[in-house]
Amino acid sequence: MNKKSLTPFFFVGPHLILFIVFILLPTIYGIYASFTQWNLINDPVWVGLANYKTILFNTESTFYSQFMNGLKNTLIFVVLSVPVLIIIPLMIAVSLEHKKVKMKNVIQSILYIPGLISISAAALIWSLIFNKQLGITNNIFGSETVWAANQPYAWLIIIVITIWGGVGGNMIIYRASISGVSKDLYESAEMDGAGPVRRFSSITLPSIRFPLIYTFVMTTAGAFNVFGQPLMMTDGGPRQSTTVLMMYIRQLAFGHGESIAGMASAMAVLLGLVILVISALQYYVMNRNAS
Amino acid sequence: MKKKMGVSLILVWLAVAVLGGCGNGDKNTITFWTPLTGDDGAYMDQLVKDYNATNPEYKVKHVITSDMYTKISTVLNSGKGVPDLSIIHADRVPSFVKQGVLEPMTTVMQAQPELKEDNYLPQAWATGNVEGTQYTVPLDIHSNAMYYNKNLLKKYNVESFLDDDVVTIDEILSLQGKLDEGDYVVNDALLGWVVLAQIQNLGGGIEQDGKPAVNTEAMKQALTEIKKISDAGLMTPFGEDGYLMFQAGNVLFSTDGTWSSTAHASVEGLDFGVTNIYSTSADTFTNRASSHLFSMLKNEKRTDEKEQAIGQFLEFIREHSIEWAKAGQIVASKQVIESPDYDSYIQSFFTSNDKEIESLYIYTYEYYPYVAEAVDTYAGDIVRGNVDIDETLVTMQKFVEDKIAEGNSGAK
């Protein structure tokens, strides 16, 4: 009996160990560090809520303006990227269901592969595409803009690379869940005279409600953690208008000179809280509307 | 059931074994960390290989470590896996010494009498000396350098700019309106370093009584002078890759680093030379520089024998680091730079006379990294006229002060 009750732990054991070592303990330590002043080398000095006070209320402080600017830019990215990262994959998934579409798996693979390419490699390719001297945009389409150095183009290239790399993941989830919807429903709806739009809104959408909620929440949380795209494509410019919060956090903790890890941790904890609250809200609202 | 449990146990054991494998090598090995992730790493690999081929009692194991400073703080915290020897940058020395994480080179220097100030470029040696104690032995100086396109200089008939080895901002401005469309006089590569050089040219500094001095007249003047070049349309446009434009043959001068010479040399048809960074005045010039320094992070497990062995390795480097010149760096060892072979390297220009050697300026202010970060973040926008200079200088000063305030109380 005793042996039996232990068995499950051996199955979840490896995951549990990895989770505790690489996620739980660092998270707890990160929260602790946010209440300290710490240069990563000497012992952390407990300062209570001082870091949070500076970040949230001391309008004179560099850290206040960095946090606010970073959060603002992160929110801009979330608002711009999340809807398209839901709608485009959904559209692709639905259109791939059409009877006349051939080579569905090939198309799916082509769309999915960019997600497997590392962000730095992808950013190099895309920054060459948008390069003023060498790029396609300027030589073929005759654009005269330095994309990474002017708004709104800087955001545009960040969003383009994000969509390029991000549609595949959600699309696969949608395709899998759409294929699970009973064909009978579509056939009977068709017999009742429902058009494609009606079939989509009355059958497809309600049937894939949970995958939709899941992807919406996860895509949003992922978008809040954006880092690689702006770092590689614009380096936060022009005039720090694409410097997202993760970039400030990293600069403070692992940037030039002595580390300011306490302040960086406090910013990270605040970002985590924002993600937590927004994800919970999304889940609550969508789930309520759905039922 | 037993079988399944066995498999799970093996899995867990494997995980433990894999994670546990991150320990240090055996005791007759000098673990040597460097942040040399690019081509530089390969040249250092070769040097280490050459040293190990001499069959020393302690062999050196070169570990190229990306994100090295983050990893250093991790190993120092845990006390495990601290490397025996590491290469750090000059601007890290003051804070590492203040935090008490560097071992003095005293034992090493006693064991190897040739590891002494006289045998190295003075500023490379001095940057590792804090209050009379020597903490580092230098490998090189890597400096801001200005490459010129020989064909373009000829085309615009301005080869005379190079006569006195100082290209002044006035000389650059004299080309206004004389260039073909698509050609530029200078690019904005390493602009922050160029700004920091002008501060020296103007007799300014970045600290006053230990406090950071960013919002100063010298800084303002330095930025204003460089802004003139941009305003005249002579600097490569904002946001464009001026480094590539130089390699493409559209820019007369490129203000990048000594290490770029190998990349420029690989560009077909680019006929280039090197000179000093342009200056605000014809009387003086400065090339902002940094240095790769051998250092020993505090580690109680490092035996005296090992320190002596490290000394042997550093002595070997002192004598044989001509290999390092291939990476484009200015070698710190006088024996190497005085050898005739070294003259074939383009960077030997910077050690060709005393005035050149003096021009290699390494900032040693404790909070220099924060000042440099502020300059790098804001200088581009100031020079391009995207922001108001006075307001931005206030922001920069505050930026540095806030960061220092955080760091200060965090340290013991």
Side-chain angles (χ1 to χ4, degrees), chain A residues 3-4 6-7 9-14 17-18 21 36-45 47 50-51 54 58 60-66 127-128 131-134 145-150 153-154 234 236-240 243 251-264, chain B residues 1 4-5 7-9 11-12 14-16 19 67 69-70 72-74 76-77 91-92 95-96 98-101 182 237-241 244-245 248 250 366-373 376-378 380-381 384 386-387 395 398-412:
Chain A
K3 207 176 181 185
K4 205 172 181 183
L6 267 179
T7 314
F9 284 100
F10 283 106
F11 284 97
V12 292
I17 292 172
L18 292 178
V21 172
T36 66
Q37 276 186 340
W38 189 29
N39 59 12
L40 288 182
I41 289 181
N42 299 105
D43 294 330
V45 178
V47 293
N51 291 338
T54 311
N58 184 356
E60 296 279 293
S61 168
T62 305
F63 306 113
Y64 171 88
S65 50
Q66 285 190 343
S127 50
L128 282 176
N131 185 297
K132 194 179 167 213
Q133 262 89 40
L134 311 168
T145 318
V146 184
W147 287 66
N150 291 289
Y153 304 100
T234 63
R239 292 171 62 190
Q240 301 191 47
T243 312
Q251 270 167 21
L252 286 176
F254 309 115
H256 301 263
E258 235 181 297
S259 169
I260 305 175
M263 199 58 87
Chain B
M1 180 55 76
K4 276 185 190 165
M5 267 185 61
V7 172
S8 327
L9 279 174
L11 275 178
V12 172
L14 264 180
V16 172
L19 292 172
D67 262 350
Y69 294 108
T70 311
I72 282 182
S73 54
T74 313
L76 284 174
N77 263 316
D91 57 21
R92 294 279 173 167
S95 62
F96 274 6
K98 192 187 78 178
Q99 291 157 12
V101 300
F238 186 52
E240 291 196 45
D241 194 333
L244 273 185
M245 290 170 83
N250 293 322
E366 183 182 356
Y367 297 112
Y368 166 75
Y370 294 154
V371 176
E373 191 184 358
D376 287 337
T377 309
Y378 294 102
D381 282 320
R384 304 307 183 145
N386 294 343
V387 290
T395 311
K398 179 85 178 130
F399 176 97
V400 178
E401 283 173 4
D402 282 351
K403 288 207 161 195
I404 293 174
E406 272 306 305
N408 251 351
S409 32
K412 267 192 272 192

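Naming convention: chains lettered A, B, ... in sequence-line order (proteins, then strands); numbering from 1 in each chain.
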Per-residue contact mode, A:Asn51 against chain B (heavy atom under 4.5 angstrom): side chain
Could you check which of B:Asp91, B:Thr395, B:Asn386, B:Val101 has the highest count of heavy-atom pairs closer than 4.5 Å to chain A? B:Asn386
Without swapping roles, check the side chain of A:Ser259 against the backbone of A:Ala253 for a donor-acceptor pair under 3.5 Å. yes
Does any heavy atom of chain A fall under 4.5 Å from the side chain of B:Phe96, the backbone, both, or neither of them? side chain
Which bit of B:Tyr69 is near chain A, if near means a heavy-atom gap under 4.5 Å: side chain, backbone, both or neither? neither
With a 4.5 angstrom heavy-atom cut-off, which part of B:Asp67 approaches chain A: side chain, backbone, both or neither? side chain
Using modelled atom types and a 3.5 Å cut-off, is there a donor and acceptor pairing between side-chain atoms of B:Asp241 and backbone atoms of B:Leu244? yes
Checking salt bridge (charged side-chain N to carboxylate O under 4.0 Å, His left out) between B:Glu366 and each of B:Lys403, B:Lys98, B:Arg92, which is the one that passes? B:Lys98
Donor-acceptor pair, B:Tyr367 side chain versus A:Gly257 backbone, under 3.5 Å? no
Measuring from A:Leu40:CG to B:Thr70:OG1, what's the distance to the nearest 0.5 Å? 7.5 Å
Contact class of A:Ile260 relative to chain B, heavy atoms under 4.5 angstrom: side chain
